[in-house]
Amino acid sequence: MPSNLVRLATAGSVDDGKSTLIGRLLFDSKAIYEDHFAAIAQTSAQRGHTGTDLALLTDGLRAEREQGITIDVAYRYFATPRRKFIIADTPGHIQYTRNMVTGASTADVALILIDAEKGVIEQSRRHAFLASLLGVPHMVVCVNKMDLVGYAQERFEEIREEFRRFAMKLEIQDLTFVPISALTGCNVVNRSPEMPWYEGRTLLHQLEQVHVASDRNLIDARFPVQYVIRAHGTDVEDKQGFRGYGGTIAGGVFKPGDDVTVLPSGFSTKVRAIWGPGGTEITEAFAGQAVTVELADEIDIGRGDLICRPHNRPHIGSDVDAMVCWMAEGAELKPDGRYTLQHTTRSVRATVRSLEYRLDVNTLHRDEEATSLRLNEIGRVRLRTQQPLLFDAYRRNRDTGSFVLVDDVTNSTVAAGMITGPAISVPNVVWHTPICTRDQRATQGMTVWLTGLSGSGKSTIGAELERRLVASGRPAYLLDGDNLRHGLNAGLGFSVQDRKENVRRAGEVAKLFADAGVIAVVSLISPYRGDRDLIRQIHQDAGLRFVEVFVDTPLEVCAERDPKGLYAKARAGVITGFTGLDDPYEAPHRPDVVLRPQDGDPAAQAAILLDWIDG
Ligand SMILES: Nc1ncnc2c1ncn2[C@@H]1O[C@H](COP(=O)(O)OS(=O)(=O)O)[C@@H](OP(=O)(O)O)[C@H]1O
Ligand SMILES: Nc1ncnc2c1ncn2[C@@H]1O[C@H](COP(=O)(O)OP(=O)(O)O)[C@@H](O)[C@H]1O
């Protein structure tokens with residue numbers, strides 16, 4: 001997928017200036033208009049280029065469209081010399097949530113418009129929440145109509161602060177604010193002489209600079225098989241008995257020669273060859289590309305199977321937890337409801353086992369008493385499927401983590417879902433709802449999770465942060481990996497399984513601290529991304545803030561510091577399986593904060609963290 005193609009999602013009502021803004025972007029950027037763009041796309045396709053693949057547009061909730069639901073989302077295209085943009089523009093009326101789910105499900109950037117006169121309103125919050133739920137990695141907040149408030153810096157800052165306070169409760173990776181006037185054109189494409197105090201980028205410049213390439217999951221190779229090609233003389237291959245597998249790569253990178261495993265059968269083989277859309281053999285295939293894959297061995301594979309790497313498999317299971325957005329008029333989601341669940345390339349029967357809560361999109365309040373979901377409502381459900389699903393959490397992979405529910409009688413799509421993870425059930429044990437609510441406590445807690453190599457500085461920075469927090473009167477507690485291994489985690493070693501359990505326990509304890517109103521500062525190597533993601537998930541599920549801090553000290557520097565002499569021992573072969581040397585360390589994809597040695601000594605690094613926490 002070309003990283004110079006950026007998908008934007010915007011939403012709003014008629015009077016907040018959205019149409020003017022889009023018009024302004026198209027006009028001032030002297031954009032190539034729709035028909036031109038289509039012509040270019042056609043030409044590039046004829047030439048076998050994948051560059052302007054407009055089919056990308058239909059990636060999002062494709063199954064839904066196959067069901068024939070009309071969704072009110074208008075797509076517009078424009079291009080600058082640097083990038084091409086597709087805007088999914090959804091109107092802000094009653095169907096808003098449903099449309100937004102459709103329009104933003106594949107977006108790279110969410111554009112939120114705030115009227116400078118009105119400030120942050122319900123709709124701004126709802127839009128931001130949905131964008132974060134849908135995992136849109138970047139959010140640009142345009143404070144519009146600055147001309148109506150005299151281009152006042154104070155007004156812009158006031159709105160920015162208010163929005164930030166709300167956004168802290170959400171999962172937003174990258175948040176920027178631009179003061180604009182779509183009407184006069186200030187800061188949309190060209191800099192504004194009326195707002196000399198604003199030193200940031202113009203909106204278009206920001207959109208051109210957003211770093212989208214690293215958002216794509218290039219690690220977890222996933223290829224859901226869509227169809228089997230048993231060809232005798234197709235455009236792909238002429239030889240007799242050829243068998244290939246067609247579909248769209250849903251994550252990671254595949255290359256000829258790669259070891260792969262086919263699920264659910266579990267058979268392993270190698271990739272023999274890969275063909276791109278025009279039937280040309282290619283040496284690498286990335287997420288988003290439609291390809292045909294040939295394997296080295298004859299294995300019985302059908303539609304709905306998934307090809308992945310042997311040591312990086314998705315979850316396999318029939319019980320999943322998910323957030324769903326109910327999209328049907330006149331029908332409701334209820335516990336025990338039965339549907340067809342369409343997930344990647346498979347369809348299975350599914351039952352709603354329970355509705356855990358309904359979420360008020362405006363206040364983020366969870367109504368645990370709710371017994372149904374109606375049109376545009378969002379809730380957390382537990383589902384059971386008749387055959388196991390091969391899935392990832394939506395947060396990790398938007399393709400293998402999303403699904404739609406189809407009503408068998410009407411054959412229409414009734415819900416879009418995002419899997420939060422496998423459902424964990426504890427037989428014969430009930431959950432007691434606490435009597436004390438979080439806001440009744442004197443302080444609000446959170447978890448600050450420091451990950452990095454041994455010797456990177458996690459413990460030193462963590463201890464300094466704890467000291468500063470406590471000195472300023474805030475309850476904080478350092479949970480240091482070394483120390484935990486003397487008690488709670490005694491007996492755990494450094495195998496993959498033991499590290500996983502080590503991280504899980506520390507994460508559960510941190511969550512309890514955070515729930516109790518304490519700032520839990522955790523310093524643990526926690527080398528596996530998936531393990532850290534699970535900890536983020538349990539915090540998010542509990543409505544708690546989780547800050548992932550990557551202490552990004554290069555291996556050479558850590559080995560040079562070697563405060564415990566462990567690198568020397570590992571290099572001498574006295575200890576094995578040492579992180580960074582002969583054991584893996586998976587750096588975070590999108591840490592909330594990165595600390596590097598050039599940021600200063602541990603005290604300076606702790607100060608950066610403190611600023612961030614105080615946000
Ligand atoms: N094989 C191997 N690999 C990595 N680290 C090792 C190993 N053996 C012992 N140690 C020491 O244990 C500390 C790491 O413990 P953690 O609990 O943070 O590790 S993990 O999160 O479970 O990976 C780590 O502490 P820090 O240096 O503070 O990171 C090491 O001192
Ligand atoms: N930013 C920094 N600049 C210089 N030295 C540092 C910095 N951060 C940590 N150190 C030093 O490096 C060593 C790192 O040790 P430690 O904090 O135990 O790391 P970890 O907990 O990640 O294993 C300590 O001796 C510490 O004083």
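Atoms within a ligand are numbered from 1 in the order they appear, just like the ligands themselves. What you see is a predicted model; the values in this text were computed from it and never measured.
- The contact shell of ligand 1, taken as protein residues with any non-hydrogen atom closer than 4.0 angstrom, comprises S454, G455, K458, S459, G481, D482, R485, F494, R499, N502, L524, I525, S526, P527, K564, L566, T576, G577, F578, T579.
- A salt bridge is absent between R309 and D259; no separation between the charged side-chain nitrogens and carboxylate oxygens falls under 4.0 Å.
- At a threshold of 4.0 Å, the pair R505-E501 counts as salt-bridged, since one of the basic side-chain nitrogens sits closer than that to a carboxylate oxygen.
- Within 4.0 Å of ligand 2, protein heavy atoms belong to L453, S454, G455, S456, G457, K458, S459, T460, R561, P563, G600, D601, P602, Q605, listed by chain and number.
- A donor-acceptor contact closer than 3.5 angstrom is absent between the side chains of T420 and D321.
- E162 has no carboxylate O lying under 4.0 Å from a charged side-chain N of R165, or vice versa, which leaves the two without a salt bridge.
- The pair R222-D392 meets the salt-bridge criterion, since a charged nitrogen lies less than 4.0 angstrom from a carboxylate oxygen.
- A side-chain donor-acceptor contact under 3.5 Å links E356 and S354.
- In this structure, R532 fails the cation-pi test against F546, since its NZ or CZ atom is not both closer than 6.0 Å to the six-membered ring centre and inside 45 degrees of the ring normal.
- With 3.5 Å as the limit, one finds no donor-acceptor pair spanning the side chains of S454 and Y567.
- With respect to S523, the side-chain hydrogen bond (donor to acceptor under 3.5 Å, both in side chains) criterion is satisfied by exactly one of T460, D480, N483, D482: D480.
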